[in-house]
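Only heavy atoms go into these numbers, but all of them, side chains included; no hydrogens, no water, no symmetry mates. In what follows, chains are A, B, ... by sequence order, proteins preceding strands, each numbered from 1.
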Amino acid sequence: MDKAYSPKDIEQQWYQTWESKNYFAPSGEGNPYCILIPPPNVTGSLHMGHAFQHTIMDTLTRYHRMKGDNTLWQVGSDHAGIATQMVVERNLNADGITRQSLGRDKFIDKVWEWKEHSGGNITQQMRRLGDSCDWTREAFTMDDTCSNAVKEVFVQLYQDGTIYRGKRLVNWDPKFHTAISDLEVENKEEQGSLWHFRYPLANGATTADGKDYIVVATTRPETILGDTAVAVHPDDERYHSLIGKTVLLPLVNREIPIVADDYVDKEFGTGCVKITPAHDFNDYEVGKRHNAPLINILNADAAIRDQAEAFDYKGQPITDIDLTLPEGYAALDRFDARKKIIEDFDALDLLDSIKDHTLQVPRGDRSNAVIEPYLTDQWYVAVESLAKPAIEAVESGEIKFVPENWSKTYYQWMYNLQDWCISRQLWWGHRIPAWYDDQGNVYVGRDEQEVRRDNNLDDTVVLSQDDDVLDTWFSAALWPFATMGWPEKTKELDTFVPSSVLVTGFDIIFFWVARMIMMTKKFTGKVPFKEVYITGLIRDENGQKMSKSKGNVLDPIDLIDGIDIEGLVNKRTTGLMNPKDATKIEKRTRKEFGDGIESYGTDALRFTFCALASTSRDINFDLARVEGYRNFCNKIWNAARYVLMNTEQHDCGQNGGELSLSLADRWIWSRLQATIKDFDNYIEQYRFDQVAQSLFGFIKNEYCDWYLELSKPVLSSEQSSEAQKRGTRHTLVNILEQVLRLAHPIMPYITEEVWQKLAPLAAIEGDSIMLQAFPEFNAERFDQAAMDDLEWVKQVIVGVRNIRGEMNISPAKAVPLIMYNGSETDKRRYEDNQNFLMSLAKLESIDWKNAGDTLPVAATALVGNMDLLIPMAGLIDVNAEKARLNKEVEKLSKEQQRISGKLDNANFVDKAPEAVVAKEKDKLADVESALNKLKAQVAQLDNI
RNA sequence: GGGCGCUUAGCUCAGUUGGGAGAGCAUCGCCCUUACAAGGCGAGGGUCACUGGUUCGAGCCCAGUAGCGCCCA
């Protein structure tokens, strides 16, 4: 083995072996265990959030596979409607081709072409991470199986009335020319103005204070052209007399009513609200209550129409309204129209005032364009009937959120569900299986043939399919059963629905988790998963969200392979939305990373993610942690080197032969059992941070720091028998072999690499560690007495080291040790373990002395009631030793005061449980005994 | 406005039923000891945000205050 751990030399090769041998496929035996991957976008590349969640999913998958479960990690990707269409369209535009000039069919061919060539980026990156998902079952939301499921679900939901078509206000993205769901809208606080306009009262009416106009306030003047009412609060005395009267809408000269509605906030603005039902969600509701017509003034570009259009609330056109719009507005963009409205009002002396105002601006999460409430025909899912069983599934505990608290977020949304707009005006996606005849009648079916057959439409009837496609989340909602072959009755549907656990972020509880529960319940009668483990969100080391525009993104692959500073700067500063940020980002990146990022390897990265996976909802990713765990990998690597150096070419008991186990051997076996138990418990609770900590502690602090050191005297001593040496070699090899299996789910590569070399020495045959059984707790190996005895050995050694350290005695200098005033147990332990003590404490000699024996002037440490003495002659400075002891005395005195204070409190003694009181008494006795010894020792030094 | 969360060592975070404040990294000292200097050994460092309550006992339970953050409207 090389002297240093070098991840790049071992990782890729093992992944290829595993995949080519099909080790990732379900075994077909054992209890089903299934994880569904949240399908990443085909356009996507792996970001830190993926890497984090994939680490957790893969750890669970490998763990359960080794536990003997019939394990499937179902993999696949999502066609990502808008995102993919954008990418392909941008590429075409670069060649001077537009989507429209190409036509729909050819454009879709281009998307598929793109998908074949570039869509696999993220799946290659997943392989670098070691993800053991079953690639032979890789699914895509646009493939035939998923598409069939989508059609089937749509048709069935349409037939039972759950899917309907209607003219409603939607969130319209004027940049992409499509409707989006309310979840895809981000409301951002922005600075704007509140304009106050005068609306003249019609027919000679006046306000209470004699004015012939009222003042309305608005943040969106351009919508004035679509006003169909003005609302005031019914209790607002200022306007009481005007209710039922009308105003003459300036510029348009439309007479519109003043209505009373509770929705109005008397305190806001002037207390008069213009109502534009076709261009505002709240106004739509108000307008509906007062039957104010819907007047649409915008086109799909969010520019002013040539002529307005009017509808009632059933979506029927209204014909008896003058739809003329004022001159000069046609085709004006909404923001230009806004300016013109303000100017025109000002010219008419109807602009009352302008105030600064902070408002929530809705923006598309992909386009960042200001979203326009817009009246269009769209398809909807009426979610109420689907929601009920989905809520019950969580309430009843059939589905469990981990951490449990996230169920509250789920309920909060589920209790306030809005119907889901599922149609999108895009080309890339599942085309809606609805056909129209030339009368505008709609027919829904799995295909045109079925539609004709079911509706008795012969070839003379011309049918055209709906141009729209379905929201990407619609197909994603079917993921749990569509990937298993539904609507066919497949073995996978029986075996892997419900899946075991969904691992995902809280940001898509609404988008995806809730919708999967609704759809899977509806169509399979089963829940999609038994547990939902909600992970935290990965942020940078300062708690900032990682984003391209902040220039603080880390690419997981760069952490694995390393990247030089130029490469990193280049990556962070190209393709910025705002190129002006580049200088700032470059400066920061150079300051933070200096020479770039070292190569840490996949295993270290994965271990880091596990170590950070506490219950917290934000996870600040600190590169220093990765470095620490890369060093940990190096530790494992070198421990393995030590083991191999001492066991290869030797008898390790793999072929039988007497094994005589030392105290250290029995101790490390016991500690391993405890670690295995911890591992199982913590995995069960999804506490990957604790799993990592427990593993780290065992390997580093127990196996490496103590056990390997304790093995040295046994192997090197001429006094050791062959059986003793064989016992220790056997323990060295077999503990490491088991610990590799224990660590494999988190660190697949290094464990495989080392295991391959080690397994023969443990007489284990097998092609791969990933197919080995997971270690099991073995009560026979758990030896409490051995742990107590070794604890004593450690205390003696630490006591001596402590004195050495504090007194700056060279580790090369062997020192004499006196044990004084020990018990029978101390004596037995001393006699049994001289070899260990001499070696690890680097002793010259050990003398056992009893009470009454004369003692040299010495430095002191305590092990229980026993004194450890290191004679000071020539070695130790008296004043330094006094200072050291006094510090200890001070510490213990505080402790003594604290405990005796407690025990002097009658309430405590009376009311606290006996065991607690007894414990405190013991503690006090120990502290006092130690104090007396130390004080006596100080006094003795004072006498020199 | 409604909901949720956070505040513990210089930094990033654990702290499971209330009973001796922990880890990693960073810092300081000694050491290139034949697995590992990406290392070893040792050490220092905390008013557990604040106030009050419950309790024999509170980082943990309850109420309130301050600051920070997220989601929804």
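- If you measure from atom CG of A/Asp507 to atom P of B/C4, you get 20 Å, rounded to the nearest angstrom.
- Remark: A/Arg801 is not in phosphate contact with B/C31, judged by side-chain N or O atoms under 4.0 Å from OP1 or OP2.
- At the heavy-atom level, A/Ala624 lies under 4.0 Å from the strands shown only through sugar-phosphate atoms.
- Salt bridge A/Glu186/A/Arg363: absent, no basic N to carboxylate O contact under 4.0 Å.
- In this structure, A/Lys400 places its NZ atom where only 12 or fewer heavy-atom neighbours from other residues, nucleotides or ligands lie under 6.0 Å away.
- Mapping A/Val643 and A/Leu612 onto RNA chain B by nearest heavy atom places A/Leu612 at the nucleotide closer to the 5' end.
- Side-chain proximity of A/Ala639 to B/A35, B/G20, B/G44: nearest is B/A35.
- Comparing B/A49 with B/A9, their C1' atoms are spaced 15 Å from each other, to the whole Å.
- Side-chain proximity of A/Arg687 to the nucleotides B/G15, B/G20, B/G44 is greatest for B/G15.
- Atom CD of A/Gln418 is surrounded by 12 or fewer heavy atoms from other residues, nucleotides or ligands within 6.0 Å.
- Taking the side chain of A/Asn808 as heavy atoms from C-beta on, and the options B/G19, B/C30, B/A14, the nearest nucleotide is B/C30.
- Only the P atoms considered, B/C61 is 9 Å distant from B/G18, to the nearest whole Å.
- At a threshold of 4.0 angstrom between heavy atoms, the contacts of A/Glu598 with the nucleic acid are absent.
- At whole-Å resolution of the value, CG in A/Asp618 and C1' in B/C4 are 12 Å apart.
- Residue pairs meeting the side-chain hydrogen bond (donor to acceptor under 3.5 Å, both in side chains) criterion with at least one member in residues 903-916 of chain A: none, sequence neighbours excluded.
- In the set B/G19, B/G15, B/A38, the nucleotide with an atom closest to the side chain of A/Pro913 is B/G19.
- Checked against B/A23, B/G40, B/G42, the side chain of A/Lys700 finds its nearest nucleotide in B/G40.
- Listed nucleotides B/A14, B/U12, B/G19 differ in distance to A/Asp622; the shortest reach to its side chain belongs to B/U12.
- Among the nucleotides B/A43, B/A38, B/C13, the one closest to the side chain of A/Ala4 is B/A38.
- A/Lys894 comes within 4.0 angstrom of no nucleic acid atom, judged by non-hydrogen atoms across all strands.
- When heavy atoms are screened at a 4.0 angstrom cut-off, A/Cys704 is found touching base atoms of the nucleic acid.
- For A/Gln412 against B/A73, a side-chain-to-base donor-acceptor contact under 3.5 Å is absent.
- In this structure, A/Glu844 places its CD atom where more than 12 heavy-atom neighbours from other residues, nucleotides or ligands lie under 6.0 Å away.
- Using a 4.0 Å heavy-atom distance criterion, A/Glu709 is classed as a base contact.
- Between B/G20, B/C56, B/G44, one nucleotide has an atom nearer to the side chain of A/Asn905 than all others, and that is B/C56.
- Nucleic acid contact class of A/Lys3 (heavy atoms, under 4.0 Å, all strands): sugar-phosphate only.
- At the heavy-atom level, A/Asp705 lies under 4.0 Å from the strands shown only through sugar-phosphate atoms.
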Strand RNA chain B in bracket notation, Watson-Crick/G-U under 3.5 Å with | for pairs to another chain
(((((((..((((.....[..)))).(((((.......))))).....(((((..]....)))))))))))).
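- Across all strands, A/Tyr5 comes closer than 4.0 Å to base atoms (heavy-atom distances).
- At whole-Å resolution of the value, NZ in A/Lys635 and C1' in B/A37 are 11 Å apart.
- Rounded to a whole Å, the CZ atom of A/Phe621 is 18 Å from the P atom of B/G24.
- Here A/Thr409 lies out of heavy-atom contact (under 4.0 Å) with every strand.
- Not a single donor-acceptor contact under 3.5 angstrom links the side-chain atoms of A/Lys408 to the base of B/C4.
- Taking only side-chain nitrogens and oxygens, A/Asn405 comes nearer than 4.0 Å to OP1 or OP2 of B/G5.
- Of the candidates B/G24, B/C31, B/G44, B/G24 carries the atom nearest the A/Phe696 side chain, counting heavy atoms from C-beta on.
- As judged by a 4.0 angstrom heavy-atom cut-off over every strand, A/Arg630 is placed among the base-contacting residues.
- Set against B/G44, B/G19, B/U12, the side chain of A/Asn620 has B/U12 as its closest nucleotide.
- Heavy atoms of other residues, nucleotides or ligands lying less than 6.0 angstrom from NZ of A/Lys921 number 12 at most.
- The separation between A/Met645 atom CE and B/U34 atom P is 11 Å, rounded to whole Å.
- Note on A/Asn631: a side-chain N or O is less than 4.0 Å away from OP1 or OP2 of B/G39.
- A/Ile619 places its CD1 atom 17 Å from the C1' atom of B/C11, with the value rounded to the nearest Å.
- Residue A/Asn416 places no side-chain N or O under 4.0 Å from the OP1 or OP2 atom of B/C72.
- Among the protein residues, A/Arg641 comes within range of the sugar-phosphate backbone only, with heavy atoms under 4.0 Å from sugar or phosphate atoms but none that close to a base.
- Looking at residues two or more places apart in sequence or on another chain, you find a side-chain hydrogen bond (donor to acceptor under 3.5 Å, both in side chains) between A/Gln53 and A/Thr535.
- Among the protein residues, A/Arg804 comes within range of no part of the nucleic acid, since none of its heavy atoms lies under 4.0 Å from any strand.
- As a whole-Å value, the separation of A/Arg617 CZ from B/C13 P is 14 Å.
- In plain terms, the two heavy atoms of A/Val796 and A/Leu868 that are nearest each other are O-CD1, 3.7 Å.
- Relative to the six-membered ring of A/Tyr703, A/Lys635 misses at least one condition, a distance below 6.0 Å or an angle of at most 45° to the axis.
- Looking at heavy-atom distances under 4.0 Å, A/Asn802 makes contact with sugar-phosphate atoms alone, never a base.
- Look at A/Glu285 and A/Lys288 and you find no salt bridge, because none of the NZ, NE, NH1 or NH2 atoms lies under 4.0 Å from a carboxylate O.
- Contact annotation for A/Ser616: backbone-only contact, meaning every heavy-atom pair under 4.0 Å involves sugar-phosphate atoms and none involves a base.
- A/Phe632 pairs with exactly one of A/Trp637, A/Phe607, A/Phe698 by the ring pair (Phe, Tyr, Trp, His ring centres under 6.0 Å) rule, that one being A/Phe607.
- Nucleotides B/U8 and B/C60, compared at atom P, are 14 Å apart to the nearest Å.
- With A/Trp406 as the partner, the ring pair (Phe, Tyr, Trp, His ring centres under 6.0 Å) test is satisfied by one option alone out of A/Phe506, A/Phe510, A/Phe401: A/Phe506.
- Here B/C72 presents its P atom at 13 Å from CD of A/Gln418, a figure rounded to the nearest Å.
- Spacing of P atoms, B/G46 relative to B/C11, comes out at 13 Å, to the nearest Å.
- Comparing A/Glu627 and A/Phe506 by the nucleotide of RNA chain B that holds the closest heavy atom to each, the one mapping nearer the 5' end is A/Glu627.
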